[in-house]
Every structure is written in structure tokens, then in C-alpha cells.
Amino acid sequence: MGNCISISLQFDAIFSNCYQFTVAQATYVHNLKENLKALEKASEELTDVKNGLVRRVKIAEEEDQLACLETVQRWISRVGALENEVQELLQTESEERNRLCLWGCCSKNYKSSYKYGKRVLRKLAEVTDLKGKGIFEVVAERGPIALVVEVLDEPTVGMEPIFDRVWTKLNEEDVRIMGLYGMGGVGKTTLLRKINNNFLNSQNEYHVIWVVVSKDHTIEKIQNSIGEKIRPSFGEDTWKNKTSQQKSQDICNVLNRRKFILLLDDIWERINLVDVGVPLRNTQNGSKVVFTTRSKDVCSRMEVDKQVEVKCLPWEESWKLFEEKVGNEALSVHPDILHLAKQVAKECGGLPLALTTIGRAMACKRTPQEWRYAIQILKNAASSFTGLGDEVFPLLKFSYDNLSSEKVRSCFLYCSLFPEDWEINRDDLIYKWMCEGFLDECSDFESLQGQGYTIIGSLLYACLLEEVGETRVKMHDVIRDMALWIACGCEKADHTFFVKTNVELKEPMIERWNKVERVSLMKNRIKSLSESVSCPNLSTLFLQRNQLLQVSGSFFEFIPKLTVLDLSDNGSLTCLPMEISKLVSLQYLNLASTSIKEFPRELKNLKMLKYLNLDYLRNLNVIPEGVISSFSRLQVLQMFWCGTRSGEMVEDRVECGSELLVQELENLKHIMTLGVSIKYVTALDRLLTSHMLLNSTQRLFLHFESTWQFLNLSTLLRMERLEKLFLLKCSRLEELKIDWEWKRREECSSHVPSPPQCSTNDLFLSLREVRVHSCPNLKELTGLAFAPNLQLLKVNKCPALEEIIRLEKLGDAPEEVKCLQPFLKLEHLTLLRLPKLKNIYPKPLCFPCLKDIEVDRCEELKKLPVGSTVTKMRPDLKIRGRKSWRNKLEWEDETTRDAFLPCFIR
């Protein structure tokens with residue numbers, strides 16, 4: 001019996017399990033319809049949760065620049081995969097429903113329905129579970145900082161050479177701070193973008209941080225820009241609530257642990273990197289700062305290790321850029337357009353911003369007439385050209401607005417009165433500014449020049465002027481157009497400038513002058529000023545470089561405020577009307593290089609005159625007595641090469657170059673700068689006794705027809721500002737000498753303690769230019785050995801000249817003459833018609849600054865005092881001379897000869 005009971009219990013268990021299994025299978029089939037509905041609903045709800053989460057992630061990524069959490073990303077991926085599985089399962093839904101029978105309690109294919117129902121129930125459980133896990137309070141966070149973020153930029157044209165140069169310098173170990181400076185629109189930002197993006201391909205593991213600074217920056221704005229790129233661990237709310245000092249410390253802590261490149265675009269003033277938190281000077285890991293600015297002065301204030309000027313493009317690159325913006329279709333539609341397009345491109349002066357703007361504007365022009373009109377507009381009214389007045393000029397005007405004062409801004413606008421590409425003499429510009437009232441009153445030349453050069457320097461540093469050598473500046477064409485746009489009121493009604501230069505005008509367009517303050521008609525073809533003009537506000541009138549034959553008296557009657565009048569370089573103008581005396585406000589009068597033969601006595605009435613230029617008035621032999629001395633306020637008088645042509649003496653007239661003229665000059669108590677021509681020894685002697693005239697003499701023209709056999713240059717030593725010396729037709733003159741005993745006597749008489757040794761380097765420190773012409777008995781110019789800063793020496797038609805520097809003439813000179821090195825600053829050497837000249841200097845000289853040598857009709861000159869090292873220092877040296885002379889030259893060795901052969905201009 002016991003065995004029977006055991007068998008019965010086992011059968012009951014088996015039966016129970018089979019029953020439960022059968023019921024479960026039946027449930028899969030019986031509940032299939034309900035489970036499918038539940039799965040569809042749960043799947044839709046899961047999709048809604050996923051879509052909402054995706055939207056939150058997108059907002060976080062796009063607006064807050066955050067990165068999606070990995071857990072969120074994995075959940076979204078799992079949902080996507082599950083959605084596909086559910087969709088695949090539901091594709092056979094209708095087929096499985098059709099198999100059901102007996103009101104869904106059974107199936108025509110029980111096995112298939114069972115398997116399908118089981119899969120539905122499992123997917124329902126997965127959907128429900130995944131939906132429950134889709135609750136995220138935070139979906140994104142700040143991700144790891146990218147070392148370099150690419151900055152979008154357009155393709156560049158012509159900037160490859162300067163980029164290569166900058167990139168090379170940037171990688172030098174000793175360059176920690178680099179400044180890129182240049183005028184607005186020249187491509188500084190483009191260059192900085194190229195630097196940024198080049199680090200994408202660089203193997204240097206720099207963290208590159210790009211910050212746009214701009215004019216209205218603050219330290220905190222810069223800190224926030226840097227913070228966005230380096231502070232994933234700072235916390236948004238915490239960072240916002242910190243002080244600038246706390247942010248500085250945070251930035252410093254992060255950057256101290258990194259090798260970084262900080263790129264600062266468009267800075268206008270010095271930025272204290274310590275205040276920002278940049279630890280550049282304390283790090284030894286090679287971190288660097290590169291910035292762009294429009295001001296060279298900012299580079300100095302930022303204590304850069306390297307500064308690079310970004311200049312306008314040269315012509316070939318300019319044309320490539322312009323051609324690209326215009327397009328081949330527009331350039332090839334008519335055979336005349338290509339030539340005209342190059343003229344338009346040249347008006348842009350190589351400025352990429354102008355080339356791009358004008359190129360795009362011209363891309364739709366298809367006729368030569370449109371291109372010719374564009375050239376006319378660019379020359380005469382550039383601000384009305386499409387894109388210049390509303391895009392280019394406002395951007396460039398930021399540099400003007402950033403100038404330090406209204407005085408400097410006025411001085412800048414004044415430069416636009418000169419023609420395009422005009423090289424403006426610095427001193428002449430300063431004298432005009434002085435008379436216009438832009439500069440403070442000065443009692444000495446050094447203060448005036450210092451004040452003027454400081455303003456010019458600020459304009460140069462702001463890249464609003466360009467330097468042309470030591471004495472001249474110029475204004476870029478587009479900058480000039482911008483200045484005229486400002487000066488003419490930026491399209492407002494208050495036009496104050498009327499400028500028509502170099503446009504072939506034959507009439508002065510006086511009807512346009514009524515309300516203006518400044519008129520410039522330089523470089524035109526105006527022959528006559530005959531009309532009466534009523535200009536109550538006119539203060540400045542530039543008429544130089546015209547073809548003036550006459551100026552009527554009525555022209556000057558109604559210009560009461562005229563302060564500056566420039567009539568220079570009108571070679572056919574022979575006289576002035578007496579009515580010029582009505583210009584009672586006139587302070588500046590320039591008559592240089594005209595053919596005026598006499599002055600009206602009424603000129604005495606110009607009591608306000610501060611500047612008078614009579615340079616190169618060779619026909620002005622006499623001046624009415626008392627005219628020059630009546631200019632009691634005169635500070636600058638230029639009479640260089642004035643009255644050199646002989647003429648008859650007239651009663652009550654003062655001969656130019658005479659002792660009487662010097663006597664009148666002595667009455668000019670405020671004279672600061674003097675250029676004077678001297679004809680007589682007595683006049684020179686009187687000039688040398690006047691301390692005031694000695695201190696003011698800047699240029700001296702000697703035209704002696706006397707018995708003087710030598711000129712003692714020692715007598716000129718007290719002319720400490722003497723820059724230019726010209727000897728013309730000094731018929732008896734044989735040599736220029738230095739009398740050392742005279743110099744010692746002068747030192748003793750002046751009660752100034754003499755140095756232990758008399759230095760040869762402190763003699764003619766200011767002398768820059770010496771010209772000697774038609775001195776038939778002159779044999780040598782030894783005294784010029786003591787002009788250490790001489791830049792130009794020209795000797796012409798001196799048939800007796802044998803040597804330039806004769807060493808034996810220095811026998812009485814101090815001991816240090818033995819190591820004398822003359823002509824260290826000489827740039828230009830011209831020797832013409834010197835048939836007896838055998839030697840320039842007996843020893844080889846280094847000539848470190850020499851640019852050109854010109855020799856003609858110097859048959860005895862067979863050796864140049866130059867060694868082969870000169871060509872290494874001056875690879876651009878040019879030598880002009882006839883082939884017959886060149887073939888006779890003797891060289892120290894073949895190496896020297898071979899080094900100089902490429903220098904000769906054939």
C-alpha cells in the first residue's frame with residue numbers, strides 16, 4: 001500500500017504542473033488581443049517620453065552648449081531599438097488575430113498563436129520597464145573641453161606669405177606675446193582665424209582659446225569668454241556670482257595646468273593679462289598670447305616680444321582677390337572690361353575689405369559704361385559707391401573715433417586735403433597745423449616739432465597714416481576717402497571740406513565754396529583766379545601745382561577768415577595783387593617755386609603772418625624795404641635759393657642775400673626756423689653774429705662771388721640745426737676746412753668747459769644734405785668727414801675737384817681722427833662732371849646705409865672706396881655710370897668685383 005500512495009502523489013504533482021503550464025499557454029492565446037492593445041499603448045507612451053527627452057537634450061546642447069549624459073544617450077538608443085522590435089512584432093498582428101477562434105479562447109494554429117502571444121507579453125514587460133527607467137532630472141552636462149574649436153572663415157587670397165611668417169615666429173621659443181597690427185579691413189582677423197584653425201592639424205597639444213575683445217570690452221567680459229572655454233567644473237550659477245578677482249584666480253588655476261594659446265581679436269588698448277587671470281609670464285610650458293589691434297602703440301603697451309604689421313596686399317594678390325569676387329563671367333563679357341576692372345581694383349589700394357566689397361558690387365556690371373562710371377565715382381565721390389559709405393567707412397571710422405582728442409582728429413582730417421598717394425612733408429604739415437591753431441603755442445622749434453611729431457606718431461601708430469622715409473608720410477587711398485566722408489559730414493548737410501584734387505579742373509568751381517571752411521584744388525589745370533568770391537567761413541585754400549598765370553585783386557576781397565594760402569609750384573605765376581593785403585587773418589603763405597619777381601609793398605599789412613615760404617623764387621632779387629621786418633609774428637621764413645638771379649638794384653629795396661636782408665631778419669624776434677640764401681661774405685659774417693638767427697638756421701644757400709678761397713666750416717658749427725647746405729657758383733672757393741684752433745677758441749669764449757678730447761662726432765650732427773654745384777676752383781671737401789649723419793652728397797660741375805676727403809688735410813685734427821669712419825649714414829652719392837676727381841676716400845668704407853651711387857663724366861675716378869661687405873649689407877645697392885667708366889674701374893680683388901657687378905644699372 002505504501003508504494004501505491006507514493007505513485008499517487010507523484011502523479012498529482014505532474015498533473016498540477018501540466019495543468020498550470022496548459023493554463024499559461026492558454027493565457028498567451030486567450031489574452032492576446034488585450035496584450036496587443038496594451039503593447040501599442042505602452043509603446044506610444046514610451047515614444048512620447050523619448051521625444052520629450054530628446055527635445056530637452058537638444059535644448060541643452062544648442063542653447064547651453066552642454067553634452068548629453070551617456071546614461072541618457074544609452075536609454076534613448078535602447079528605446080529606438082525596442083521601438084523597431086515592437087514595430088516588427090506588430091506587422092503580423094492582423095494575421096495572428098485572424099487565427100483566433102471561439103471568441104479568442106482558442107486558435108486555428110495553437111502553437112503559432114502561443115509563441116506570438118508569449119513574445120507580445122515579453123515586449124510589453126520590456127516597454128513598461130524601460131518606460132519606468134526614463135525619468136531623468138538632468139539630461140546633459142558640460143563635456144570635455146575641445147583643445148581647438150574650428151573658427152569658420154572664408155578662403156583667403158594673398159595672405160599665405162605673412163601667415164607663414166607669423167606662424168614661424170609664433171613657434172619661436174622666446175616669443176610669448178605677439179601683436180598683429182594694421183589698418184582696419186587689412187585682414188588681421190582673417191590671419192588670426194588661420195592661426196586658430198592651423199592648430200587643428202598641428203601636433204602641438206595647445207589649448208587654443210579664441211576671444212573677440214572689441215572696443216567696448218571689460219575685464220569681466222574677457223574673463224567670461226575665456227571661462228566658457230575652460231570651466232566645465234566651475235558651475236554656471238557659481239561662476240556668475242563670483243567677483244572679477246575670484247574669476248581671475250579660477251582662470252589662473254586652470255591655465256597654470258595647461259599649455260595654451262590665447263587669441264585676442266580686436267583690442268584697442270592695453271589689457272592687463274594679470275587682471276584677467278592669464279599666467280603667461282609665470283608659466284614655463286610654452287603658452288602664448290596673440291592679439292590683433294589697429295594700433296602699433298597697443299603693441300608697445302602690451303610689451304610684446306614680436307610685433308608684425310599686416311600690410312595691404314601687393315598688386316598681384318590684390319588683383320587675384322578682386323578677380324575672385326567679381327567673377328570670370330563679368331570680366332569676360334566685354335573685351336574692355338578687364339582693363340577697366342584693373343583700374344577699379346587699383347583704387348582699393350590693396351585693402352582686402354575694399355577689394356571684397358567693391359568686387360562684389362561690380363559682379364553684376366556687364367557694360368564698359370558701368371565700369372567707367374564706377375571709376376569716376378571712386379575718384380570723386382567714393383562714399384556714394386555701393387558698400388563703401390555703409391559698410392567699409394563706418395568700420396574704418398572706429399580708428400578715427402578712438403583717437404585721443406579732438407585736436408588729433410582735426411589733424412587727421414586735415415591730411416585728406418592732399419591728393420591721393422601724396423607724400424606729405426612732416427615739417428610742412430606741422431607748420432600748417434600751427435597756423436590753423438591745431439597746436440598749442442610754442443616759443444621754440446623743438447617744442448613745436450615735438451608736439452607735431454607726437455600727433456603724427458599717434459596717427460602712424462593707429463595705422464591712419466603711412467610712413468614714407470624719415471621726413472614724409474602719406475594717407476592710404478581708402479583711409480583718405482573715409483576721412484573726406486567724415487569731413488564732409490558723413491552725408492549730412494554740414495559739409496566743411498571741398499576737395500577736388502588731380503582731376504584736370506580748369507575752373508575753380510567757386511560757386512561751391514560758399515559754406516565750406518577748407519578748399520583743396522591741388523594738381524589741376526586752373527590758370528586764373530579772376531572772380532570775386534564771398535566765403536565768410538573759408539580758412540584754408542590749397543592751390544599748389546596748378547597752372548596759375550594770374551590772381552586778380554578782387555579774388556581776395558571777401559575772404560576775411562583765410563588763414564592758410566598755398567600757391568606753391570605754380571611756375572607761371574609772376575606777381576601778386578596788392579589786394580592780398582586784405583587777408584588780415586592770414587598766418588600761412590606759401591609762394592615757393594613760383595616765378596614771382598616782386599612783392600607789393602602792401603604785404604606789410606599781413607601782421608598775423610607766422611609762416612612765409614619764398615623758396616626757389618630765383619627771380620625775386622629785391623624786396624621792398626621793411627616788408628620782411630614788418631612780420632613781427634613770423635616764426636618760419638624759408639628763402640632757400642631765393643633771388644639767385646642777378647638783377648638791377650632799386651631804391652628802397654632790399655637785395656636778397658645781402659647784409660641789409662640779414663639786418664631785417666634780426667628784427668624777427670619770434671623766428672624759429674630759417675632757410676636763407678647768402679650772396680655776400682659780409683652778409684654771412686652778420687648772420688654768424690646773431691645768436692637768434694644761428695639757432696634758427698635750418699638750410700643755408702651760399703652763392704658767393706667773392707675772393708674767398710676756403711670756407712671754414714667751423715664757423716657754421718653754431719648752426720646746430722643746420723640740415724641742408726648748398727654751395728652754388730662760389731667761384732674762388734678751393735676747400736671746405738675745419739679750423740680746430742678756432743673751435744677751441746669758441747669753446748673757451750663761451751665759458752663752457754672743454755672735454756678732455758675734442759670729439760669729431762659732435763660737430764655737424766644735424767647736417768643731412770650737402771650739394772655743391774659749379775664751384776670751378778674747389779679741390780676737396782674734407783670738412784664733410786665730420787658730418788656723421790650726412791645722408792645725401794651731390795657734387796656737380798667742379799672741374800678742379802681731385803678728392804672728396806683728403807686725409808693729409810686732417811693733420812691738425814684730434815687723435816681720434818685716426819679711426820674716423822665718415823659717411824656711415826650716407827644713402828645717396830652723386831658725382832657729376834668732375835674730370836679731375838681721382839679719389840673719394842683713400843681707405844675702404846663700409847657704407848651701411850648706401851642706396852645708390854651715380855657717377856658721370858668722372859674719367860679719372862678708377863676706384864670706389866667700397867669692399868665686398870657693402871653688397872652684403874645693402875643687397876639693393878644701385879650704381880649708375882657709363883659702361884666706359886665701369887670697365888676702367890679697379891677692384892681690390894675678383895671677389896669684390898663679382899660682388900658689385902650685379903649692382904650696376906645698364
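- Between atom CD1 of residue I623 and atom CG of residue L603 there is a gap of 9.5 Å, rounded to the nearest 0.5 Å.
- Formation of a donor-acceptor pair under 3.5 Å by the D428 side chain with backbone atoms of N425 is not found in this model.
- Looking at I678 and R686, their side chains never come closer than 4.5 Å, going by heavy atoms from C-beta outward.
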Under 3.5 Å, side-chain donor or acceptor atoms of residues 855-866 against the rest of the protein: list the pairs with distances, not counting sequence neighbours.
from : atom 1 : to   : atom 2 : distance (Å)
D856 : OD1    : R882 : NE     : 2.8

Donor-acceptor list for residues 441-448 side chains, cut-off 3.5 Å, not counting sequence neighbours:
from : atom 1 : to   : atom 2 : distance (Å)
E441 : OE2    : K610 : NZ     : 3.0
D444 : OD1    : S447 : OG     : 3.0
D444 : OD2    : E446 : N      : 3.3
D444 : OD2    : S447 : N      : 2.9
D444 : OD2    : S447 : OG     : 3.0

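- Side-chain contact check for L824 versus P788: every heavy-atom pair is 4.5 Å or farther apart.
- Listed by chain and residue number, S629 satisfy the side chain to side chain contact (heavy atoms under 4.5 Å, CB included) test with N667 (two or more places apart in sequence, or in another chain).
- Judged by distance alone, with hydrogens and angles left aside, the side-chain atoms of S766 form a donor-acceptor pair with the main-chain N or O of E720 at under 3.5 Å.
- Across all their heavy atoms, L700 and L687 have their closest contact at CD1-CD2, 4.2 Å.
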**OP:** Apply side chain to side chain contact (heavy atoms under 4.5 Å, CB included) to the pair F418 and S520, showing each step before the final yes or no.
**Re:** CA-CA 7 Å; F418 297 91; S520 178; over 6 Å; no

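- Two residues are said to be in side-chain contact when any heavy atoms from C-beta on lie closer than 4.5 Å; L850 and F823 fail this criterion.
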List the atom pairs, with distances to 0.1 Å, where a side-chain N or O of residues 573-582 and a protein N or O form a donor-acceptor pair under 3.5 Å, not counting sequence neighbours.
from : atom 1 : to   : atom 2 : distance (Å)
S581 : OG     : M578 : O      : 2.8

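- In this structure, CG in N796 is found 10.5 Å from CZ in R771, a value given to the nearest 0.5 Å.
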Subject >> Derivation of the side chain to side chain contact (heavy atoms under 4.5 Å, CB included) call for Y841 and L807 >> reply: CA-CA 8 Å; Y841 193 77; L807 287 181; 3.6 Å; yes

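- Few gaps surround CD on E467; more than 12 heavy atoms of other groups in view lie less than 6.0 Å from it.
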**OP:** Please test T594 against L617 for side chain to side chain contact (heavy atoms under 4.5 Å, CB included), starting from the C-alpha separation and ending with a verdict.
**Re:** CA-CA 6 Å; T594 62; L617 267 64; 3.8 Å; yes

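- Sequence neighbours left out, the pairs with a member in residues 791-803 that pass salt bridge (Lys or Arg N to Asp or Glu O under 4.0 Å) are E802-R806, E803-R806.
- The shortest distance between side-chain heavy atoms of T501 and F542 does not fall below 4.5 Å.
- Screening residues 572-610 for ring pair (Phe, Tyr, Trp, His ring centres under 6.0 Å) gives Y588-Y611 as the qualifying pairs, with residues at least two apart or on separate chains.
- Between the side chain of R618 and the main chain of D615, no donor-acceptor pair closer than 3.5 Å is present.
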**OP:** Test side chain to side chain contact (heavy atoms under 4.5 Å, CB included) on W433 and C415 and set out the steps.
**Re:** CA-CA 10 Å; W433 287 348; C415 296; 4.2 Å; yes

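- Qualifying side chain to side chain contact (heavy atoms under 4.5 Å, CB included) partners for T471, counting only residues two or more places apart in sequence or in other chains: none.
- When all heavy atoms of Q821 and C846 are compared, the pair lying nearest together is OE1-SG, 4.3 Å.
- E436 is linked by a salt bridge (Lys or Arg N to Asp or Glu O under 4.0 Å) to R518, counting only residues two or more places apart in sequence or in another chain.
- Listed by first and then second residue, the side-chain hydrogen bond (donor to acceptor under 3.5 Å, both in side chains) pairs involving residues 630-639 are Q638-R699 (not counting sequence neighbours).
- For E423, there are no salt bridge (Lys or Arg N to Asp or Glu O under 4.0 Å) partners two or more places apart in sequence or in a different chain.
- Every residue two or more places apart in sequence or in another chain was checked for a ring pair (Phe, Tyr, Trp, His ring centres under 6.0 Å) with F847, and none qualifies.
- Looking only at distances, a side-chain donor or acceptor of S677 sits under 3.5 Å from a matching main-chain atom of C642.
- With hydrogens and angles disregarded, a donor-acceptor distance shorter than 3.5 Å links the side chain of R426 to the backbone of E470.
- Side-chain contact check for I804 versus L837: some heavy-atom pair is nearer than 4.5 Å.
- No donor-acceptor pair under 3.5 Å is formed between the side chain of N502 and the backbone N or O of E420.
- Between L792 atom CG and K825 atom NZ the span is 15.0 Å, to the nearest 0.5 Å.
- Within the 3.5 Å criterion, the main-chain N or O of Q544 finds no donor-acceptor partner in the side chain of D569.
- Side-chain contact between L716 and L767 is absent, with no heavy atoms from C-beta onward closer than 4.5 Å.
- Below 30°, between 30° and 60°, or above 60°: for F438 and Y414 the angle between ring planes is above 60°, a perpendicular geometry.
- L694 CG to T689 OG1: the interatomic distance, rounded to the nearest 0.5 Å, is 7.5 Å.
- Side-chain contact check for F556 versus L565: some heavy-atom pair is nearer than 4.5 Å.
- Nearest heavy atom pair, residue D566 against residue K432, reads OD2-NZ, 3.1 Å.
- Counting non-hydrogen atoms of other residues, nucleotides and ligands closer than 6.0 Å to NZ of K836 gives a total of 12 or fewer.
- The shortest non-hydrogen separation linking A800 to P776 is CB-O, 3.2 Å.
- Going from atom CG of L793 over to atom CG of L831 covers 6.5 Å, rounded to the nearest 0.5 Å.
- Distance CG/L529 to CD/Q550: 8.5 Å, rounded to 0.5 Å.
- A salt bridge links D421 to K474: at least one charged side-chain nitrogen sits closer than 4.0 Å to a carboxylate oxygen.
- A donor-acceptor contact shorter than 3.5 Å links the side chain of N590 to the backbone of A592.
- For L845 against P822, the heavy-atom pair with the smallest separation is CD2-CD, 3.9 Å.
- Of the N and O atoms on the side chains of E827 and Q791, not one donor lies less than 3.5 Å from an acceptor on the other residue.
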Please tabulate, for side-chain N and O atoms in residues 668-676, each donor-acceptor pair with protein atoms closer than 3.5 Å (sequence neighbours left out).
from : atom 1 : to   : atom 2 : distance (Å)
K669 : NZ     : E666 : O      : 3.3
T673 : OG1    : Y431 : OH     : 3.1
T673 : OG1    : R721 : NH2    : 3.2

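- Ring-plane geometry between H703 and F701 is classed as perpendicular, the angle between the planes exceeding 60 degrees on a 0 to 90 degree scale with a lower cut at 30.
- Taking each heavy atom of C656 and G643 in turn, the nearest pair found is CB-CA, 4.1 Å.
- Side chains of F631 and L589 form no contact here, defined as non-hydrogen atoms less than 4.5 Å apart.
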